[in-house]
Amino acid sequence: MPKKIADIKYEFEHAAMKDWNLLFEQYREDGRSGVAKLILTYQKRQKAYEDECRRLEAMQEFERKYGNDYTCICGIDEAGRGPLAGPVVAGAVVLPKDCRILYLNDSKKLSAKRREELFDEIKEKAVSYGIGMSSPERIDQINILQATYEAMAHAVQDLQVVPDLLLNDAVTIPQISIKQLGIIKGDGKSVSIAAASIMAKVTRDRLMTEFAEMYPEYGFEGHKGYGSSAHIEALKKYGPCQIHRRTFIKNFMR
């Protein structure tokens, strides 16, 4: 009597992926459509995993290129340059060499659930990570670009190690003596920068959710301070609150 399809599925679920090819071969001649469908499902999973591994391998280009010359490479990125409210937050992450974190990517390309999962995995696997931020008041004082640089510098200072190379998402941070490399769209090209982008984004989103409890009329939990129509409508109705960036909202306050 042939094995039940549920039992075959159990074998796949409890086998290492490297052993799936043996199971594909073992059940290849089984004529049941349910088995064929099961094999196809796991072949697709295997291909998706292999594609993801290749994508991550490509995202380690800069870490491999500079890994022999620099012993401590740190990725830097920010979240929150564009919103009308809240701080700008920067992340700094040093990953172990050849660190593999599946689905690591530019934070904007990930769901909130995936970002939260990766946030915890990055914290667990990183050699060190740091968070820096500049307040709305500081943004108004020195402008968003300078405030972003300041947040990035604070993130580097928050590390428990001293990096000898910074991989930055497009920018060069002034007044930092550490060697820097700015990479255009780096959060999609470097695992270190992608990790930093996730740390910054999740940290900022959590802060904005806390601010939503303090200022419920603005709906910060939904738009995170960005200029959505609902946010602008609330801003016109209630006026600015303490975390609004005055230099960003002046066009809406006439």
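All values below come from the heavy atoms of this structure, side chains included, with hydrogens, waters and symmetry mates left out. We count residues from 1, following the sequence as given.
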Stepwise side-chain contact (heavy atoms from CB on, under 4.5 Å) check, Asp120 with Ile122: CA-CA 5 Å; Asp120 292 335; Ile122 293 164; over 6 Å; no

Check against side-chain contact (heavy atoms from CB on, under 4.5 Å), Met199 and Lys123: CA-CA 9 Å; Met199 299 304 287; Lys123 285 176 63 176; 3.5 Å; yes

Salt bridge (charged side-chain N to carboxylate O under 4.0 Å, His left out) between Arg28 and Glu25, intermediate numbers included: CA-CA 5 Å; Arg28 183 170 58 87; Glu25 184 63 25; 3.2 Å; yes

Test side-chain contact (heavy atoms from CB on, under 4.5 Å) applied to Tyr226 and Leu84, step by step: CA-CA 6 Å; Tyr226 284 87; Leu84 307 180; over 6 Å; no

Gln242/Glu137 under side-chain contact (heavy atoms from CB on, under 4.5 Å): CA gap, chis, key distance, verdict: CA-CA 9 Å; Gln242 189 172 350; Glu137 294 82 6; 4.3 Å; yes

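Using a 4.5 Å cut-off on side-chain heavy atoms (C-beta onward), Asn168 and Ile183 make no contact. Contact annotation: the side chain of Asn251 never approaches that of Ile249 to less than 4.5 Å [non-hydrogen atoms, C-beta and beyond]. Residues Lys224 and Pro83 form no side-chain contact, since every pair of their non-hydrogen atoms from C-beta on lies 4.5 Å or further apart. Taking the side chain as every heavy atom from C-beta outward, Ile101 and Cys99 approach each other to under 4.5 Å. Looking only at side-chain heavy atoms (C-beta outward), Leu95 and Val127 stay at 4.5 Å or farther from each other.
Separating the CD1 atom in Ile142 from the OG atom in Ser134 is a distance of 5.5 Å, to the nearest 0.5 Å. For the atom pair CD1 (Ile76) and CE (Met152), the distance works out to 7.0 Å, reported to the nearest 0.5 Å. Note that the OH atom of Tyr70 and the CD1 atom of Ile178 stand 11.5 Å from one another [nearest 0.5 Å]. Atoms OG and CD, from Ser190 and Gln60 in turn, are 9.0 Å apart once rounded to the nearest 0.5 Å. Taking CG of Leu23 as the start and NZ of Lys9 as the end, the distance is 14.5 Å to the nearest 0.5 Å. Between the CG atom of Leu159 and the NE2 atom of His154 there is a distance of 13.5 Å, given to the nearest 0.5 Å.
Cation-pi geometry between Arg206 and Phe119 is met: under 6.0 angstrom from the ring centre, within 45 degrees of the axis.
The hydrophobic clustering, which links ILVMFWY residues whose side-chain heavy atoms are closer than 4.5 Å, places Val161 and Ile73 apart. Under the 4.5 Å side-chain heavy-atom criterion for grouping Ile, Leu, Val, Met, Phe, Trp and Tyr, Ile173 is not connected to Tyr129 through any hydrophobic cluster. Criterion: ILVMFWY side-chain heavy atoms under 4.5 Å apart, direct or through other members. Under it, Leu104 and Ile131 are part of a common hydrophobic cluster. Residue Ile193 is not grouped with residue Val89 when hydrophobic side chains (ILVMFWY) are merged at heavy-atom distances under 4.5 angstrom, including chains of intermediate members. Hydrophobic clustering (ILVMFWY, side-chain heavy atoms < 4.5 Å, transitive): Leu181 and Val94 are in distinct clusters.
Residue Arg100 comes nearest to Cys53 through the heavy atom pair NH1-SG, 3.4 Å, listed as atom of the first residue, atom of the second, then distance. Of all heavy-atom pairs spanning His223 and Gly225, the tightest one is ND1-N, 2.9 Å. Contact between Glu78 and Ala200 at its shortest, heavy atoms only, is C-CB, 4.0 Å. Residue Ile243 comes nearest to Tyr215 through the heavy atom pair CG2-CE1, 4.1 Å, listed as atom of the first residue, atom of the second, then distance. Smallest separation of non-hydrogen atoms from Glu63 and Ser192: OE2-OG, 2.8 Å. Pro87 approaches Ser135 most closely through the heavy-atom pair CB-CA, 4.3 Å.
Side chains of Lys3 and Tyr27: a donor-acceptor N/O pair is present below 3.5 angstrom, by distance only. At a cut-off of 3.5 Å, with distance as the only test, a side-chain donor of Tyr42 or Glu13 sits close to an acceptor on the other residue. A donor-acceptor contact closer than 3.5 angstrom links the side chains of Gln46 and Asn21. Thr71 and Asp164 share a donor-acceptor pair across their side chains, judged by distance under 3.5 Å alone. Using modelled atom types, one finds a donor on one side chain and an acceptor on the other under 3.5 Å when comparing Asp140 with Thr247.
Look at Lys108 and Asp187 and you find a salt bridge, because one of the NZ, NE, NH1 or NH2 atoms lies within 4.0 Å of a carboxylate O, short of that distance. Ion pair Asp205/Arg115 flagged as a salt bridge, since at least one NZ, NE, NH1 or NH2 atom sits closer than 4.0 Å to an Asp/Glu carboxylate oxygen. With respect to the salt-bridge test (charged N to carboxylate O, under 4.0 angstrom), the residues Arg54 and Glu57 do not qualify. By the 4.0 Å N-to-carboxylate-O rule, Glu121 lies close enough to Lys125 to be salt-bridged with it. Arg55 and Asp51 are not joined by a salt bridge, as no carboxylate oxygen comes within less than 4.0 angstrom of a charged side-chain nitrogen. For the pair Glu150 and Arg138, the salt-bridge criterion is met [side-chain N within less than 4.0 Å of a carboxylate O]. Looking at Glu217 and Lys236, no side-chain N of the basic residue comes within less than 4.0 Å of a carboxylate O on the acidic one, giving no salt bridge.
Heavy-atom neighbours of Glu221 CD from other residues, nucleotides or ligands within 6.0 Å: above the threshold of 12. Other residues, nucleotides and ligands contribute at most 12 non-hydrogen atoms within 6.0 Å of the NZ atom of Lys65. The environment of NZ in Lys189 is crowded: more than 12 heavy-atom neighbours from other residues, nucleotides or ligands sit within 6.0 Å.
For His231 and Phe220, the ring centers sit closer than 6.0 Å to each other. In summary, the aromatic rings of Phe248 and His244 are positioned with their centroids too far apart to meet the 6.0 Å limit.
The backbone N or O of Gly186 sits less than 3.5 Å from a side-chain atom of Asp169, completing a donor-acceptor pair. In terms of modelled atom types and a separation under 3.5 Å, the side chain of Arg204 and the main chain of Val88 share no donor-acceptor contact. In this structure a side-chain-to-backbone donor-acceptor pair under 3.5 Å is missing from Trp20 to Gln43. Remark: side-chain polar atoms of Ser128 are paired, donor with acceptor, to backbone N or O of Gln160 under 3.5 angstrom.
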